[in-house]
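Treat the numbers as computed from the prediction; the structure is a model and nothing was measured.
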Amino acid sequence: MLSSSRIMTQTMNAMKRLAVRPMSANVADVGNYKFETLAVTSPKDFVLHVELNRPDKLNAMNNQMWSDMISCFDIAAKDSNVRAIVVSGKGRMFTAGLDLMAAASSLAPDPNSDVARNAFRIHGFIKFAQESCNSIERCQKPVIAAVHNGCIGVGVDAITACDIRLQTKDAYYLAKEIDVGLAPDVGTLQRLPKVIGNDSVARELCLTARKLEADEAKQIGLVSRVYDDKDSMMEAAMELASLIATKSPVAVQSTKIHMNYSRDHTTQEGLDYMASWNAAMLQTEDITKSAQAFMAKKTPADVEYSKL
């Protein structure tokens with residue numbers, strides 16, 4: 001029999017090995033996601049959590065945050081350990097929108113330049129801001145927005161670029177740009193009517209800058225679900241992301257790519273593109289693995305799909 005001291009020693013050694021055990025092979029290396037304005041973690045297998053991280057500024061978006069968003073989602077698009085992404089905001093609210101003070105220098109005309117040169121510079125700034133939301137839509141991995149409290153201005157641009165939206169019952173939305181003398185230019189005018197499927201309501205919200213409360217947001221289809229508080233919403237968001245991450249990555253990413261394509265093209269164009277795409281994708285081993293799991297009365301969660 002082993003002595004008690006030897007058992008203790010073996011137990012301590014096992015605990016030490018556990019403490020230094022490398023992260024799961026299915027968890028993203030967050031060392032690749034170091035950003036000034038985003039906090040990025042990988043709380044579950046194949047799930048990435050991106051938090052807007054300027055809580056002292058109510059997560060107001062500035063040039064640095066836009067740059068960080070572009071880098072983050074472009075990296076995630078190529079990361080085989082990421083199959084679903086959750087986006088949320090730290091602190092009191094999801095985001096207060098544009099950091100007006102930070103943007104002032106980029107938007108102010110240069111008195112020493114002519115109209116054309118000022119226009120070129122401001123045009124570049126707008127295109128840069130648009131890329132922050134385009135990077136979310138461009139990323140093949142499904143992105144779930146988890147909104148609590150305020151989602152204002154450019155925040156609406158960002159969440160309409162996401163694939164799925166969840167909210168707390170205290171969430172509200174403001175397409176506020178018209179009240180500060182400009183038209184939304186980062187994606188709300190283009191995406192919101194398609195997201196909610198109601199052009200009249202979208203125009204009303206953008207032309208009046210009125211407050212859209214949580215109940216109405218759910219009613220018009222802006223969000224999928226409403227939760228009592230942020231904790232319960234985040235738990236649900238992670239469960240949803242984990243569920244998506246159990247599916248074939250070939251099937252999931254193909255689905256996002258083609259839903260986005262079909263939204264912006266005719267039905268026939270979407271069908272033609274899908275036929276060409278699946279001529280290759282139907283040859284994936286994931287179909288065989290899924291069929292075998294089904295026959296064995298198992299679920300996709302029981303299948304080990306190859307990384308993509």
Side-chain angles (χ1 to χ4, degrees), residues 33-40 50-77 85 87-139 143 145 147 149-162 172-193 195 202-203 205-212:
Y33 297 88
K34 296 295 185 182
F35 303 108
E36 184 178 327
T37 66
L38 303 176
V40 182
V50 179
E51 292 180 279
L52 308 183
N53 189 27
R54 298 186 76 211
D56 56 324
K57 300 292 186 181
L58 299 179
N59 296 323
M61 296 187 181
N62 59 6
N63 288 9
Q64 185 61 54
M65 183 176 284
W66 287 332
S67 177
D68 288 348
M69 289 169 64
I70 295 167
S71 297
C72 180
F73 287 99
D74 283 351
I75 293 170
I85 303 169
V87 178
S88 66
K90 282 195 172 184
R92 287 169 47 200
M93 66 169 56
F94 183 76
T95 178
L98 178 66
D99 187 329
L100 292 173
M101 294 299 293
S105 60
S106 299
L107 293 171
D110 181 352
N112 298 315
S113 293
D114 65 10
V115 171
R117 285 166 177 79
N118 275 319
F120 267 105
R121 181 175 55 81
I122 295 173
H123 180 269
F125 171 76
I126 296 169
K127 294 295 288 183
F128 167 62
Q130 290 176 347
E131 266 300 283
S132 66
C133 296
N134 290 345
S135 67
I136 298 173
E137 188 172 80
R138 182 170 62 238
C139 178
V143 181
V147 180
N149 203 267
C151 179
I152 300 170
V154 71
V156 179
D157 297 302
I159 67 163
T160 53
C162 295
Y172 65 91
Y173 307 85
L174 286 168
K176 193 68 174 171
E177 289 86 347
I178 203 164
D179 278 354
V180 292
L182 56 92
D185 53 10
V186 185
T188 291
L189 299 183
Q190 292 70 35
R191 294 187 177 102
L192 182 61
V195 167
R203 288 172 186 257
L205 292 170
C206 293
L207 289 168
T208 65
R210 74 168 175 85
K211 192 174 185 179
L212 176 67

For F35 and S71, which heavy atoms make the closest approach, and how far apart are they?
CE2-CB, 3.7 Å
Check whether any side-chain heavy atom of H123 lies under 4.5 Å from a side-chain heavy atom of K127, and answer yes or no.
yes
Do side-chain atoms of N53 reach the backbone of E36 as a donor and acceptor pair under 3.5 angstrom?
no
Donor-acceptor contact below 3.5 Å, side chain N118 vs main chain P109
no
Given side chains that start at C-beta, do those of L38 and L52 come closer than 4.5 Å, heavy atoms only?
yes
What's the shortest heavy-atom distance between I159 and A145, and which atoms?
CG2-CB, 4.0 Å
Quick check against the 3.5 Å criterion: does D68 have a side-chain atom that pairs as donor or acceptor with the backbone of T37?
yes
Is there a donor-acceptor contact under 3.5 Å linking the side chains of E137 and N134?
no
Taking side chain as C-beta onward, heavy atoms only, is Y172 less than 4.5 Å from N149?
yes
What's the shortest heavy-atom distance between M61 and G155, and which atoms?
CE-CA, 4.4 Å
What heavy-atom pair brings A161 and C133 nearest, and what distance separates the two atoms?
CB-O, 3.4 Å
Closest approach of R121 to A108 (non-hydrogen atoms, all atoms of both residues)
NH2-O, 2.6 Å
Charged N to carboxylate O under 4.0 angstrom, D74 versus R138?
yes
Quick one: does L212's side chain get under 4.5 Å of L174's, heavy atoms only?
no
Without swapping roles, check the side chain of S67 against the backbone of N63 for a donor-acceptor pair under 3.5 Å.
no
Testing the basics here: between C206 and L192, what is the closest heavy-atom pair and its distance to 0.1 Å?
SG-CD2, 4.3 Å
Side-chain contact, heavy-atom cut-off 4.5 Å: C72 with Y33?
yes
Give a yes-or-no answer on whether the side chains of D157 and T188 include a donor-acceptor pair shorter than 3.5 Å.
yes
With a 4.5 Å limit on heavy-atom distance, are the side chains of T160 and Y173 in contact?
no
Whether R210 side chain and L205 backbone form a donor-acceptor pair below 3.5 Å:
no
Are the side chain of N62 and the backbone N or O of D99 linked by a donor-acceptor pair below 3.5 Å?
no
Just wondering, do W66 and F125 contact through their side chains at under 4.5 Å, heavy atoms?
yes
Within a strict 4.5 Å, meaning less than it, do heavy atoms of the I122 and L107 side chains meet?
yes
